[in-house]
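Taking it in order: structure first as structure tokens, then the write-up.
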There are 2 protein chains.
Amino acid sequence: MTEIKDKPLQQFLDELASKSATPGGGSAAAVMGAQAAALVSMVCNLTIGKPQYAEVETDMQALLEKSEALRARLTSMIKADIDAFDKLMAAYRLPKESDEENLARGETIQSILKEATEVPLMCAGACREAIELSRCAAEKGNLGVISDAGVAAMAAYGGLKSAALNVHINTNCLKDGVYAESKVAELEAILNGADTAVEEIYQMVKAKLSSQ
Amino acid sequence: MTEIKDKPLQQFLDELASKSATPGGGSAAAVMGAQAAALVSMVCNLTIGKPQYAEVETDMQALLEKSEALRARLTSMIKADIDAFDKLMAAYRLPKESDEENLARGETIQSILKEATEVPLMCAGACREAIELSRCAAEKGNLGVISDAGVAAMAAYGGLKSAALNVHINTNCLKDGVYAESKVAELEAILNGADTAVEEIYQMVKAKLSSQ
């Protein structure tokens with residue numbers, strides 16, 4: 001089967017819109033994050049090698065390395081979300097005739113739910129990183145493409161807040177309250193300061209645009 | 001040449017990251033908007049036909065019609081942004097040897113800049129519509145996929161704020177101040193209330209998730 005990232009963009013959107021449960025919001029969040037990382041890379045690629053930006057050349061090369069690694073991680077999450085969903089659905093389909101089967105099924109579901117929680121949590125963390133990378137691109141990148149750093153920040157923010165909802169879906173179904181609370185706390189730590197960071201980057205980009 | 005929407009998602013991301021000026025933030029904004037519309041459609045498709053949602057069946061069918069039309073518009077904007085950029089670059093390449101040529105070139109650039117301003121402005125308007133459609137999906141959609149309505153709102157918001165930056169790039173280059181101001185005013189009208197709307201939808205979705 002063709003992996004989702006290898007399907008045409010139009011087909012991805014068609015499948016997103018369809019009544020099939022996947023791809024869904026989890027994949028959409030990863031695509032937003034991957035777009036953010038890609039746009040940071042674009043700003044780097046259009047800054048590196050330009051004489052008037054020689055001063056930030058080393059910074060931009062380091063940033064590009066980070067943004068490309070992050071893009072690869074986020075792109076792989078488009079599929080990871082689907083895999084986690086499929087695994088969970090398989091667990092829900094386990095037999096539940098006898099008490100024994102019912103107990104085993106319940107335990108499997110809970111164990112897979114814990115695994116599944118990690119997927120959007122990693123996506124949220126990666127999108128938060130993308131926000132910080134877009135800040136660096138907005139601060140030092142080529143003024144001619146500085147708006148792309150702002151778009152990167154907005155795409156990363158969309159991915160972050162979307163992934164956060166998907167963490168909650170899973171933690172709300174977990175019976176292990178201590179575990180669920182620890183994951184929500186991890187998420188809160190990732191979200192902490194993101195609103196302010198994105199607003200700062202956005203206003204920085206807007207100010208740079210109007211000063212040109 | 002293969003149209004961008006018909007290229008694999010991975011290739012779209014690669015080209016977004018590359019040092020080619022297009023696709024850039026304008027196309028990324030349209031993709032975010034198209035994802036938002038697609039997710040509204042998904043919520044509709046997973047609500048329509050379910051006995052327990054019979055009461056909202058007609059509303060969901062009407063919403064699906066709107067979200068699919070909006071998705072088609074937003075998908076076409078992925079390419080429209082590239083076309084506008086190419087047209088503008090062609091104008092910048094016009095000869096400027098003589099005073100006459102220089103004057104003609106300047107006039108052509110300004111005229112094409114006016115056209116180019118419409119592209120992100122339409123994208124912003126379409127993303128604003130997607131926010132309202134995601135509100136309807138969040139209010140009435142199948143609770144089992146309600147998080148996708150929240151992701152739709154975040155994707156639409158990312159597309160809206162991104163498109164807004166792209167409107168400013170163009171208006172900042174316009175010499176016709178009255179025209180530029182009128183376009184910024186149009187944009188402000190589109191942006192008006194969007195922050196609050198998205199926050200409301202997001203909190204509504206989060207509350208519905210925790211009540212399940």
Side-chain angles (χ1 to χ4, degrees), chain A residues 3-10 12-21 24-26 28-29 31-32 34-42 45-46 48 67-68 71 75 78 145 147-148 150-152 154-162 164-166 168-169 172-173 202 205-206 209-210 212, chain B residues 3-10 12-21 24-26 28-29 31-32 34-42 45-46 48 67-68 71 75 78 145 147-148 150-152 154-162 164-166 168-169 172-173 202 205-206 209-210 212:
Chain A
E3 197 183 315
I4 189 150
K5 69 180 176 57
D6 299 317
K7 291 181 183 177
L9 187 50
Q10 176 72 65
F12 167 71
L13 292 167
D14 290 345
E15 292 183 7
L16 198 58
S18 79
K19 68 175 166 187
S20 162
V31 169
M32 283 186 255
Q35 282 192 287
L39 285 164
V40 171
S41 297
M42 181 193 176
N45 280 321
L46 285 163
I48 292 167
S67 60
E68 284 298 274
R71 178 159 78 92
T75 305
I78 306 171
V145 287
S147 66
D148 294 302
V151 175
M154 289 313 305
Y157 186 64
L160 169 61
K161 298 280 282 184
S162 299
L165 291 176
N166 293 322
H168 287 297
I169 297 175
N172 288 340
C173 298
Y202 193 83
V205 168
K206 229 179 128 181
L209 281 178
S210 64
Q212 279 177 67
Chain B
E3 197 182 316
I4 189 149
K5 71 179 176 58
D6 299 318
K7 292 182 182 177
L9 187 49
Q10 176 72 65
F12 167 69
L13 291 168
D14 290 344
E15 291 183 7
L16 199 58
S18 79
K19 69 175 167 186
S20 161
V31 169
M32 283 187 256
Q35 282 192 288
L39 285 164
V40 171
S41 297
M42 181 192 177
N45 280 320
L46 285 163
I48 292 167
S67 60
E68 284 297 274
R71 179 161 76 93
T75 304
I78 306 171
V145 287
S147 66
D148 294 302
V151 176
M154 289 311 305
Y157 187 62
L160 170 61
K161 298 279 282 186
S162 299
L165 290 177
N166 293 323
H168 286 297
I169 296 175
N172 289 339
C173 298
Y202 193 84
V205 168
K206 228 179 128 182
L209 282 179
S210 64
Q212 279 177 71

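Just so we're on the same page: letters track the sequence lines, and every chain starts at 1.
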Out of [options], return the one with the most heavy atom pairs under 4.5 angstrom to chain A.
{"options": "Q10(B), Q35(B), K19(B)", "answer": "Q35(B)"}
{"options": "G26(B), G158(B), A28(B)", "answer": "A28(B)"}
{"options": "N172(B), L16(B), D148(B)", "answer": "L16(B)"}
{"options": "R71(B), K7(B), M32(B), E3(B)", "answer": "R71(B)"}
{"options": "A155(B), A152(B), A38(B)", "answer": "A38(B)"}

Side chain / backbone / both / neither for [X] at chain B, heavy atoms under 4.5 Å:
{"X": "D6(A)", "answer": "both"}
{"X": "S20(A)", "answer": "backbone"}
{"X": "I78(A)", "answer": "side chain"}

By side-chain contact (heavy atoms from CB on, under 4.5 Å), A34(A) pairs with (sequence neighbours left out) L74(A), T75(A), L13(B)

For K206(A), check side-chain contact (heavy atoms from CB on, under 4.5 Å) against everything at least two apart and list the hits.
Y202(A), Q203(A), L165(B), H168(B)

Over all heavy atoms of both residues, which pair between [X] and [Y] is shortest? Give the atoms and the distance, please.
{"X": "M154(B)", "Y": "S162(A)", "answer": "CB-OG, 3.6 Å"}
{"X": "S147(B)", "Y": "V205(B)", "answer": "CA-CG1, 3.8 Å"}
{"X": "E68(A)", "Y": "S41(A)", "answer": "OE2-OG, 2.5 Å"}
{"X": "G24(B)", "Y": "L39(A)", "answer": "C-CD2, 3.9 Å"}

Report which part of D14(B) has an atom under 4.5 Å of a heavy atom belonging to chain A: side chain, backbone, both, or neither.
both

